[in-house]
Colleague: 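For reference, the structure I am asking about is given below.
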Amino acid sequence: MSIELTLRLIVILAALAWAGVRFWRLARPLFAAPAEGGRLGPFLPRAKGVVVNVFGHARLLRKRYAGSLHLMMFFGFVFLLTAVVQVFGAGFSPLFSLDAIGGSTWIALGQDIFAVLLLVAVTMALVQRLVRAPARFEGSNKSDALIILLLVTAVVVSMLFQHAFQILDGDPSAPWRPVSSGLATGLSALGATNAAASTGATIFAWVHMLAILGFLIYLPGSKHLHIVVAIPNVYMRNLRQTGRLTPVDLEQPRLGLAEIEQLPRKQTLDLYACTECGRCQEMCPAHAAGKPLSPKRLIMDMRDHLLEREKDDADVPLVGGAIKEETIWACTTCGACLEACPLFIEQMPKIVDMRRHLSMEAGRVPDGIAGATLSIEQRGHPWAGTRFSRLDWCRDLDLRILGPGEETETLLWVGCTAALDARAQKVVRSLVRLLRYAGEEFAILGDDERCTGDPARRTGNDYLFQLQATANIETLNARKFNRIVSICPHGVNTFKNEYPDFGGKYEVLHHSELLSMLIREKRLPQIQKEGASTITFHDPCYLGRHMREFDAPRAVLGGAGEAITEMERSREKSFCCGSGGGHAFMVEPPTQRVNLIRAQQARETGASTVATACPFCLLMLDDGCKAEARQSDGKAPLDVRDIAEILDEALMAADFRQGESANVRS
């Protein structure tokens with residue numbers, strides 16, 4: 001064995017050992033993390049997600065520039081693994097070659113092509129990092145990105161020069177290497193001789209190998225660790241609807257997430273997968289409003305805390321230490337971060353789990369949330385101080401109240417806000433008129449209705465949520481109905497996605513789904529309206545992103561004869577109203593108002609009316625639009641109305657709404 005080959009072997013084995021130690025330090029807490037059921041199957045949908053989102057870059061390509069450069073870099077890396085195999089193979093044996101499978105033909109051509117694509121991608125990445133510098137990069141490790149780009153450049157350039165010198169030395173792959181052949185021609189023109197070619201090839205082979213090994217050693221401490229963990233993290237992504245939280249076993253010794261070691265395996269893998277791209281931060285309404293929350297920084301801080309604990313068993317606690325309590329309470333649980341992340345990192349569930357610790361173990365919750373949960377316990381609803389009872393809104397409507405053992409087609413779940421808030425009561429009254437006009441058989445529960453527990457669960461009090469869920473399921477199971485309908489997406493999500501975990505399985509519809517169905521069935525007429533529409537629609541987070549229902553509310557507005565002027569942040573990119581995660585019950589600083597930002601976005605469309613499909617959104621946007629008007633030189637505030645109100649008014653105004661049909665509505 002030659003001295004050079006021996007030296008290569010020593011360097012390779014030493015580098016692999018060094019990298020292995022660094023990778024093992026990361027793997028140790030991952031393997032020690034509790035296993036999480038249901039993350040490995042079913043195989044086909046999970047594998048499809050990997051193909052679409054890793055190899056197809058579906059989410060990354062939502063940003064064309066960044067997605068395109070990453071696509072070139074990704075496939076460049078994939079194909080240049082052939083060069084890595086060549087380097088390591090040659091390090092162990094001088095006879096190693098890929099010629100038997102096309103090493104001197106199609107593999108040689110691919111290496112040249114993908115090397116150029118990689119260099120183009122590196123250049124674009126440098127422009128992105130240093131020139132374009134989007135705000136979402138704020139807080140990311142800039143030097144880490146530059147080091148990686150430097151190493152990638154070294155790997156590619158050294159490979160091209162190695163091949164160029166080999167061509168000067170008579171390498172038969174020259175016809176298949178257009179880029180390397182061009183470099184060889186240039187080197188020859190600069191005076192490189194055939195005699196020096198072998199030495200040059202050896203030097204650049206060493207540079208190429210050392211750059212690869214340097215990359216491998218650096219990788220475990222870099223955000224580019226996602227190269228290794230992206231596929232398993234996407235494969236183990238949450239396949240359930242994002243509004244469905246994992247139930248808490250109230251018999252376990254510790255409730256909620258208090259220490260980083262409690263994180264399940266997928267949640268721990270999330271910390272390694274983060275690329276610090278800032279897409280979650282860019283979409284986060286809390287961050288946009290100046291609240292002390294960046295989903296990106298949350299994951300980075302949890303990752304750093306995990307590694308510090310692994311290194312020296314630091315005494316700094318996770319909650320209140322590595323992650324500040326004000327950060328935990330700033331989240332609106334809107335799910336924008338979950339939608340934005342290319343690698344399906346789960347930021348929101350971690351926040352809710354830390355809230356569970358603060359609420360059920362530490363007893364530290366903001367005053368507004370404490371008041372809401374106390375009101376749920378004492379009154380069965382979160383609106384402390386309300387002057388209404390649950391039936392005041394409908395005393396003049398002669399509604400049927402469904403008693404135990406009785407039966408109806410549709411059970412109208414009114415919800416706490418619609419029953420107890422004067423503004424929201426108008427929405428459910430409009431819905432009642434629409435259902436009667438359509439001939440829908442329905443009834444309500446009246447005083448037997450109580451809070452679904454959603455506000456308690458989103459603010460960490462799973463104990464109170466489970467009490468509410470158990471009581472409500474008992475009430476519902478004592479009656480017979482074909483479906484539940486509610487105007488509140490939070491309630492619909494709770495019934496549809498969370499009550500089944502406690503034995504309550506029902507067909508559940510949001511009122512937009514029922515109304516759009518009644519329009520399709522022609523039980524409600526399609527209104528033809530003259531004149532241009534001036535309506536924009538706000539997608540509620542729990543109806544849109546969390547339950548993927550975007551079309552039904554728009555169909556209802558279409559049924560009312562309205563055309564919609566969409567906001568830039570609409571559908572899955574919708575901007576939160578600011579009420580979720582308990583914020584409807586919290587006092588917000590005037591400089592941190594999410595609803596004011598959303599009102600400004602609505603104003604930019606030129607619309608005069610904002611349509612909603614959620615009572616929380618209705619109240620928050622009504623307040624936000626009034627505040628926005630006060631700041632906009634005396635402009636009138638935008639009118640904020642629910643889709644049921646808009647359809648109800650359109651029907652009342654139609655020419656055919658005379659006679660018998662008008663009597664139905666009286």
Side-chain angles (χ1 to χ4, degrees), residues 58-59 61-64 67 136 241-243 279-289 295 332-342 348 487-490 492-493 510-513 515-516 532-580 593-622 624-625 628 637-647:
R59 287 194 171 188
L61 286 169
R62 291 174 182 175
K63 293 186 179 295
R64 294 293 181 185
R136 61 189 172 90
Q241 289 185 317
T242 54
R279 293 179 186 227
C280 58
Q281 177 177 288
E282 180 181 59
M283 298 301 289
C284 176
H287 182 77
T332 66
T333 69
C334 71
C337 53
L338 304 176
E339 180 73 31
C341 181
M348 187 192 78
I487 71 168
C488 181
H490 296 258
V492 172
N493 174 69
H510 183 253
H511 74 299
S512 65
E513 296 174 302
L515 291 176
S516 64
S533 175
T534 55
I535 284 182
T536 189
F537 178 68
H538 164 78
D539 286 278
C541 300
Y542 273 78
L543 180 64
R545 256 192 308 271
H546 284 309
M547 292 192 291
R548 316 309 293 181
E549 182 54 78
F550 303 109
D551 297 330
R554 288 171 171 81
V556 175
L557 292 174
E562 302 287 356
I564 303 169
T565 301
E566 296 283 7
M567 288 183 259
E568 182 179 354
R569 292 282 300 268
S570 64
R571 301 181 77 92
E572 67 273 358
K573 297 189 298 182
S574 182
F575 194 87
C576 182
C577 73
S579 68
R593 297 185 60 182
V594 173
N595 59 347
L596 178 58
I597 298 175
R598 189 55 166 169
Q600 292 166 344
Q601 293 171 352
R603 175 77 73 178
E604 290 169 0
T605 66
S608 60
T609 300
V610 182
T612 71
C614 168
F616 288 116
C617 295
L618 179 75
L619 300 182
M620 292 295 286
L621 291 179
D622 188 55
C625 286
E628 185 271 339
L638 301 182
D639 185 25
V640 183
R641 300 163 70 203
D642 188 87
I643 57 172
E645 295 177 291
I646 294 171
L647 180 59

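For clarity, every value in this text was computed on a predicted model and none was experimentally measured. Note: hydrogens, waters and symmetry copies are ignored here, and every other heavy atom, side chains too, is used.
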Colleague: Specify the closest pair of heavy atoms between A599 and L638, including all atoms of both residues, with the distance to one decimal.
Modeller: O-CD1, 4.3 Å

Colleague: Can you name the nearest heavy-atom pair linking R279 to P342, along with the distance?
Modeller: CD-CG, 3.8 Å

Colleague: Please report the interatomic distance CG(L515) to CD(E513), rounded to the nearest 0.5 Å.
Modeller: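 Those atoms lie 10.5 Å apart.
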
Colleague: Taking atom OH of Y542 and atom OG of S579, what is their separation to the nearest 0.5 Å?
Modeller: 9.5 Å

Colleague: Taking all non-hydrogen atoms of both residues, which atom of L338 and which atom of M348 are closest, and how far apart?
Modeller: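 For L338 and M348, the tightest heavy-atom pair comes out as CD2-N, 4.1 Å.
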
Colleague: Has the side chain of R598 got a donor or acceptor atom that lies under 3.5 Å from a matching backbone atom of F575?
Modeller: yes

Colleague: Nearest 0.5 Å, please: how far is CG in L621 from CG in L596?
Modeller: 11.0 Å

Colleague: Using the rule salt bridge (charged side-chain N to carboxylate O under 4.0 Å, His left out), only one of K573, R545, R554 pairs with D539; which is it?
Modeller: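 Going through the options one by one, the only one that passes is R554.
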
Colleague: Just by modelled atom types, is the Q241 backbone N or O under 3.5 Å from a matching donor or acceptor in the H546 side chain?
Modeller: no

Colleague: Hey, what do you get for CG (L618) to OG1 (T612), rounding to the nearest 0.5 Å?
Modeller: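 Between L618 CG and T612 OG1, I get 4.5 Å after rounding to 0.5 Å.
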
Colleague: How close do C576 and V594 get, heavy atom to heavy atom, and via which atoms?
Modeller: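 The pair with the smallest heavy-atom distance is O-CG1, 3.1 Å.
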
Colleague: Salt bridge or not for K63 and E282, using N-O below 4.0 Å?
Modeller: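 Yes, this pair counts.
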
Colleague: Any donor and acceptor pair, going by atom type alone, linking the side chain of E604 with main-chain N or O of G606 inside 3.5 Å?
Modeller: no

Colleague: Enter the distance from D622:CG to C577:SG here, rounded to the nearest 0.5 Å.
Modeller: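 These two atoms lie 12.0 Å from each other.
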
Colleague: For residues P637 and S608, determine if any side-chain heavy atom of one lies less than 4.5 Å from a side-chain heavy atom of the other.
Modeller: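 The answer is no, as the side chains (C-beta and beyond) never meet within the 4.5 Å cut-off.
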
Colleague: Just by distance, with hydrogens left out, do Q600 and R603 show a side-chain donor and acceptor under 3.5 Å apart?
Modeller: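 Side-chain D/A pair, Q600 to R603: absent.
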
Colleague: As a test of understanding, state which of T565, T536, I535 forms a side-chain contact (heavy atoms from CB on, under 4.5 Å) with T609.
Modeller: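 Exactly one option meets the side-chain contact (heavy atoms from CB on, under 4.5 Å) with T609, and it is I535.
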
Colleague: Under 4.5 Å between any side-chain heavy atoms of Q601 and E568, yes or no?
Modeller: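 Side chain of Q601 against side chain of E568, heavy atoms only: no contact under 4.5 Å found.
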
Colleague: Is the side chain of R593 donor-acceptor paired with the backbone N or O of G578 at a distance under 3.5 Å, no angle test?
Modeller: no

Colleague: Hey, is the main chain of E339 close enough, under 3.5 Å, to the side chain of R59 for a donor-acceptor pair?
Modeller: yes

Colleague: Flag the pair I597 / P285 as yes when at least one side-chain heavy-atom distance between them is below 4.5 Å, and no otherwise.
Modeller: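 The answer is no; the side chains never approach within 4.5 Å.
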
Colleague: Which pair of heavy atoms, one from L543 and one from P553, lies closest together, and at what distance?
Modeller: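 Shortest heavy-atom contact: CD2-CG, 4.1 Å.
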
Colleague: Is any side-chain heavy atom of C488 closer than 4.5 Å to a side-chain heavy atom of F616?
Modeller: yes

Colleague: For V556, does its backbone N or O pair with a side-chain atom of S516 as donor and acceptor, under 3.5 Å?
Modeller: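 No, the answer is negative, given that no donor and acceptor are paired below the 3.5 Å cut-off.
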
Colleague: Work out which heavy atom in I646 is nearest to a heavy atom in A611; give both atom names and the distance.
Modeller: CD1-CB, 3.7 Å

Colleague: Check whether N595 reaches the backbone of M620 with its side chain - one donor and one acceptor, N or O, closer than 3.5 Å.
Modeller: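 Yes; at least one donor-acceptor contact below 3.5 Å.
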
Colleague: Within this structure, what is the CZ-CD distance for the pair R569 and E566, rounded to the nearest 0.5 Å?
Modeller: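 Here the interatomic distance stands at 13.5 Å.
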
Colleague: Applying side chain to side chain contact (heavy atoms under 4.5 Å, CB included), run through E549 and V492 and close with a yes or a no.
Modeller: CA-CA 12 Å; E549 182 54 78; V492 172; over 6 Å; no

